[in-house]
Amino acid sequence: MKKDYQFIYNILFNHYGPQNWWPAESPFEMMIGAILVQNTNWNNVEKALNNLSEFMHPEEIDQLPIEKLAGLIRPSGFYKLKAKRIKSFLTWFKTYNYDIALVKKVDKHLLRLELLDIHGIGRETADVILLYALDTPIFVVDAYARRIFYRLGFDLPNAYDSFRKQIEKELPEDLTLYNEYHALLVQHAKDHCKANPLCDRCPILDVCERRVSRSV
DNA sequence: CTCCGGTGCT
DNA sequence: AGCACGGGAG
């Protein structure tokens with residue numbers, strides 16, 4: 001078996017099992033979660049989502065004063081910033097009448113550009129929304145993916161989109177696969193491939209070059 | 001490259 | 001008490 005992206009996936013999946021990520025109540029909640037989770041532990045996001053639960057409809061959150069919204073999402077950190085980002089996201093979402101089905105009809109490539117145009121939504125957040133809320137098979141490359149594959153010894157493009165396309169090129173375009181893979185990488189980064197790696201009992205240790213990265 | 005920031009780990 | 005965290009903008 002060749003040491004490629006599919007191979008690594010197989011090992012991680014066999015070791016950690018299915019992650020079944022983002023079992024949110026609704027695609028809308030997932031989109032809000034995608035913004036709240038920016039550089040934040042998911043644990044904190046759950047608290048924020050819990051505070052938001054009674055307002056968990058686009059119209060209601062859009063009507064909340066931004067200070068009130070900020071207060072509710074405070075546990076997720078960067079709360080004033082994220083309140084603005086949620087507002088600008090909702091301004092965009094409103095142009096689709098807050099209708100997920102309508103959004104899903106838009107061409108995937110065009111939709112990504114629209115999301116990137118929203119203030120506060122960068123490539124990773126856009127891709128998380130596309131993958132986990134809108135069922136678009138797109139590979140989310142985060143800092144963890146970069147760190148893990150770098151250490152393994154993969155040759156990584158610097159640019160986000162180049163890296164993403166390299167991975168997508170080598171994998172079947174499968175929603176479940178992309179969904180699970182991203183989740184598995186996050187899990188693996190937490191369990192073993194941390195900033196200070198815990199290589200003891202790492203499931204992919206025997207195929208890892210253990211390259212030492214300077215920044216990632 | 002720096003700031004934004006509260007939470008829960010070690 | 002120190003530090004990383006499902007990042008993005010200025």
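Computation of the quantities below employed the complete heavy-atom set of this structure, encompassing side-chain atoms and omitting hydrogens, waters and symmetry-equivalent molecules. No experiment lies behind these values; they were computed from the predicted model shown. Chain letters run A, B, ... following the sequence lines, proteins first and then strands; every chain starts at 1.
The separation between A/Asp191 atom CG and B/dC9 atom C1' is 14 Å, rounded to whole Å. Between the CG atom of A/Asn196 and the P atom of B/dC9 there is a distance of 18 Å, rounded to whole Å. Straight-line distance from the CZ atom of A/Arg146 to the C1' atom of C/dG7: 14 Å, rounded to whole Å. Regarding A/Gln19, its CD atom lies at a distance of 13 Å from the C1' atom of C/dG6, rounded to whole Å. Going from atom CZ of A/Arg74 over to atom C1' of B/dC4 covers 14 Å, rounded to whole Å. Atom-to-atom, OH of A/Tyr79 to P of C/dG8 comes out at 21 Å; the value is rounded to the nearest Å. Rounded to an integer number of Å, the gap from A/Ile73 CD1 to B/dC4 C1' is 12 Å. Counting to the nearest Å, the P atom of C/dG6 and the CD atom of A/Glu46 are 12 Å from each other.
Of the residues near DNA chain B, A/Pro75 and A/Arg85, the one whose nearest nucleotide (by heavy atom distance) lies more toward the 5' end is A/Arg85. The residue among A/Asn43 and A/Leu116 whose nearest nucleotide of DNA chain C lies closer to the 5′ end is A/Asn43.
Comparing B/dG5 with C/dG2, their C1' atoms are spaced 15 Å from each other, to the whole Å. A gap of 23 Å separates the C1' atoms of C/dA9 and B/dT7, to the nearest Å. Taking atom C1' in both B/dC4 and C/dC5, the straight-line distance is 13 Å, to the nearest Å.
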Identify each atom pair where a protein N or O and an N or O of nucleotides 2-5 of chain C are less than 3.5 Å apart, giving names and distance.
residue, atom, partner, partner atom, Å
C/dC5, OP1, A/Arg147, NH2, 3.3

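Between A/Lys94 and A/Asp62, no side-chain nitrogen of the basic residue sits less than 4.0 Å from a carboxylate oxygen of the acidic one, so the salt-bridge criterion is not met. A salt bridge links A/Asp161 to A/Arg112: at least one charged side-chain nitrogen sits closer than 4.0 Å to a carboxylate oxygen.
Judged by the 6.0 Å distance and 45° axis criteria, A/Arg164 is not positioned over the aromatic ring of A/Phe139.
A donor-acceptor distance shorter than 3.5 angstrom exists from the side chain of A/Glu180 to the backbone of A/Gln19, with no hydrogens or angles considered.
A donor atom on one side chain and an acceptor atom on the other are not found under 3.5 Å apart for A/Asp155 and A/Tyr150. No donor-acceptor contact under 3.5 angstrom links the side chains of A/Glu46 and A/Asn50, judged on distance only. Looking at A/Thr136 and A/Lys104, their side chains never bring a donor and an acceptor atom within 3.5 Å of each other.
Among the heavy atoms of the strands lying under 4.0 Å from A/Lys80 are primed sugar atoms or P, OP1, OP2 only; no base atom is included.
In the region residues 119-131 of chain A, proximity to DNA chain C at under 4.0 angstrom, judged on heavy atoms, holds for A/His119, A/Gly120, A/Ile121, A/Gly122, A/Arg123, A/Glu124, A/Thr125.
Note on ring orientation: taking the six-membered ring where Trp is involved, the planes of A/Tyr16 and A/His192 are tilted (angle from 30° to 60°).
By the neighbour-count criterion of 12 heavy atoms within 6.0 Å, atom NZ of A/Lys108 is densely surrounded, having more than that number from other residues, nucleotides or ligands.
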